[in-house]
Amino acid sequence: MLLARLAQVSREVAATAARSRKTALLAELFRDAEADDVPIVIPYLAGRLPQGRLGVGWKVLSHPVPPAAEPTLTVREADARLTELGRVRGAGAQAERTRIVGSLMGAATADEQRFLRGLLTGEVRQGALDAVAVEGLAQATGADPAAVRRAVMLAGSLQTVAQALLAEGPGALDRFRLTVGRPVLPMLAQSASSVAEAVRKLGACAVEEKLDGIRVQVHRDGDTIRVHTRTLDDITGRLPEVTSAARELTGERFVLDGEVISFGEDGRPRSFQETAGRVGSRTDVAKAAGQVPVSPVFFDVLSVDGRDLLDLPFAERHAELARLVPEPMRVRRTVAAGPEDIPEAERFLADTLARGHEGVVVKALDAPYGAGRRGAAWLKVKPVHTLDLVVLAAEWGHGRRTGRLSNLHLGARTADGGFAMLGKTFKGMTDVMLAWQTKRLRELAVDEDADDGWVVRVRPELVVEIAYDGLQRSSRYPAGVTLRFARVVRYREDKRPEEADTVEALLAAHPEVTP
DNA sequence: TTCCGACAGTGGGGTCGCAAT
DNA sequence: ATTGCGACCCCACTATCGGAA
């Protein structure tokens, strides 16, 4: 199959808003793909490369190459060159990557270049990722979409399911079961604004502490233990504490879901930055483990002794968890039978926060494990702080925000009467707000062309209310701190910049963080 | 007809590892 | 040794489609 065909379909998919039409377009293409094309076409159309990330970013792609006039490149040829690209290492790697990308781009038409660029930067932006590809796959093969989706979650990979399905038909789906040693996509939580709201929504539920660490899925099959992240990357080698903890458990075969976090000598959790830095360390794991030891803390079990527990209600899964994992290695929790237990649940949240944790996750006791779903059966509740800050500048948006000032630079007042930038945010804005702030900020502009035209600097006059989850240390910003997960709540045109919050007050409100 | 679940898009900061400078 | 880039952790929120109620 020619790459041009994929580029063409991708453009058509991007051009329609109707999901049903996107699905039909993908299904038609899947039907036409030859067997050898399948493992390439499937990920390409979900906007991913089968090789994963290739060490190619905007820097390598910034060298323009004249496009070919006629489409001759096949998907297999393109894939072969990208595989070659992925093998480049060592000195001169960047030059060699630039050369390979250049030769690939030179063989591609303008349309194909656009598509390849999107693949390499992870920005295909056609409004169809895995979920739509799954629908298209079901349509192309006559399989039940829900069964395909489930198989993908259990395989942890769209590609393997697609290959089996297109080769053998819907019967192949039965093969994809939970298997110890093969990671599945983890269940995720939605947000709720209060414990009371969450408990009222879910009825009988568990309220569990939410630890601010790294999500892990631990598989043990006898002596073989594997640890995977939320995106199913294998991080076994970085977490010797987790493998030894799994080895000490009495079960021989199981799959556990939990969080890895580092506790200080005082028993309080270290900051997310410290835990994440530790888990990210690969070169000298023993040294890193000596400085920042981590502990696994589990909250769910997906399989035990060959029994698949995914479809059991959470209450039963937790009973299995309690049999397998001793209490100190499980998250703290309380159980609420219904709204009458809201006061107890709120006390539990307050206690959890006092112990230095992030918040709670409220989980319906009757819900199965929805692998890969961000379902409403798990609701996280975290405290939200707000500040009134001043807009110092704004950046032009991309994609659907093209032509709108999107990303705001936020400042707090300093002692000398100026403003210190605390970070940026593009979150929380409606289309109406985007249009309004674009107009308003251009009126306040003092420099429309900063940073190569990306940034519009403005007079610091516009006050905006910002919600955030917490403060963290920063080497990038002048106050030495930055906001975590900042988002816009509303503009405060009733406030003058002299009434905005100060850096001093912010630091005083978060004594646990020292710049 | 209206409501709501699921999805895609739009990017944020930090840290680590590797190659370039 | 320092700097720049890419990968991968954590993540919030809005708009939209299309099936459920």
Side-chain angles (χ1 to χ4, degrees), chain A residues 13-14 16-23 46-47 52-60 62 88-97 120-135 149 188-191 211-216 229-233 235 238 259-260 271-284 288 358 370 372-376 380 382 384 395 397-402 404 406-410 422-434 466-477 481-489:
Chain A
V13 168
T16 174
R19 232 164 262 170
S20 49
R21 174 81 184 132
K22 290 179 195 283
T23 304
R53 289 272 162 263
L54 292 174
V56 172
W58 63 269
K59 188 74 184 177
V60 170
S62 63
V88 175
R89 282 212 169 54
Q94 189 155 327
E96 179 64 5
R97 287 193 186 115
L120 287 165
T121 56
E123 295 176 6
V124 166
R125 300 183 208 225
Q126 61 190 13
L129 296 176
D130 275 9
V132 178
V134 162
E135 288 291 321
R149 196 177 309 124
L188 305 172
Q190 292 181 6
S191 294
L211 308 183
D212 196 8
I214 306 290
R215 183 86 174 261
V216 286
T229 65
R230 188 158 99 70
T231 50
L232 309 189
D233 286 324
I235 54 168
R238 297 181 230 166
E259 193 89 358
V260 139
S271 73
F272 173 74
Q273 283 168 298
E274 289 172 285
T275 295
R278 160 60 212 281
V279 175
S281 298
R282 274 169 257 230
T283 42
D284 192 346
E358 206 186 353
R373 314 305 292 267
R374 192 176 288 283
K380 55 185 163 185
K382 297 187 282 185
V384 175
E395 296 174 18
H398 298 77
R400 68 181 300 281
R401 292 191 178 185
T402 301
R404 298 281 148 81
S406 170
N407 202 2
L408 304 178
H409 296 197
L410 304 168
L422 287 177
K424 308 180 192 179
T425 185
F426 56 89
K427 296 175 177 130
M429 298 150 187
T430 63
D431 286 359
V432 171
M433 285 167 80
L434 282 163
I466 297 293
Y468 66 103
D469 278 19
L471 205 60
Q472 58 185 354
R473 246 193 283 269
S474 171
S475 57
R476 176 178 313 215
Y477 293 109
V481 293
T482 187
L483 305 177
R484 194 162 179 213
F485 310 135
R487 59 266 188 192
V488 171
V489 179

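Lettering follows sequence order; numbering is per chain, from 1.
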Contact under 4.0 Å: A/T430 side-chain N or O vs C/dT14 OP1/OP2: no
Phosphate OP1/OP2 of B/dC16: any A/T283 side-chain N/O under 4.0 Å: no
Short side-chain N/O contact from A/T425 to OP1 or OP2 of B/dG11, under 4.0 Å: no
A/Q94 vs A/A376, nearer the 5' end of DNA chain B by closest nucleotide: A/A376
Distance test, side-chain N/O of A/Q273 to OP1/OP2 of B/dT15, below 4.0 Å: yes
Rounded distance in Å - CZ (A/R238) to C1' (B/dT15): 11 Å
Under 3.5 Å on both distances, the Watson-Crick or G-U partner of B/dC7: none
Short side-chain N/O contact from A/S20 to OP1 or OP2 of C/dG18, under 4.0 Å: yes
Sugar-phosphate only, base, or nothing, as touched by A/D233 at under 4.0 Å among non-hydrogen atoms: sugar-phosphate
Side-chain N,O (A/Y477) to OP1/OP2 (B/dG13) below 4.0 Å: yes
Distance test, side-chain N/O of A/R215 to OP1/OP2 of C/dC9, below 4.0 Å: no
Value in whole Å for how far the C1' atom of C/dC10 lies from CG of A/L483: 16 Å
Under 4.0 angstrom between A/K382 side-chain N/O and C/dC11 OP1 or OP2: no
Nearest-0.5 Å distance that lies between atom CG in A/L408 and atom CG in A/L410: 6.0 Å
Among B/dG14, B/dA8, C/dC10, the nucleotide that comes nearest once only the side chain of A/R476 is considered: B/dG14
Option passing side chain to side chain donor-acceptor pair (under 3.5 Å) with A/D212 (candidates A/R484, A/K382, A/Q273): A/R484
Phosphate OP1/OP2 of C/dC11: any A/R484 side-chain N/O under 4.0 Å: no
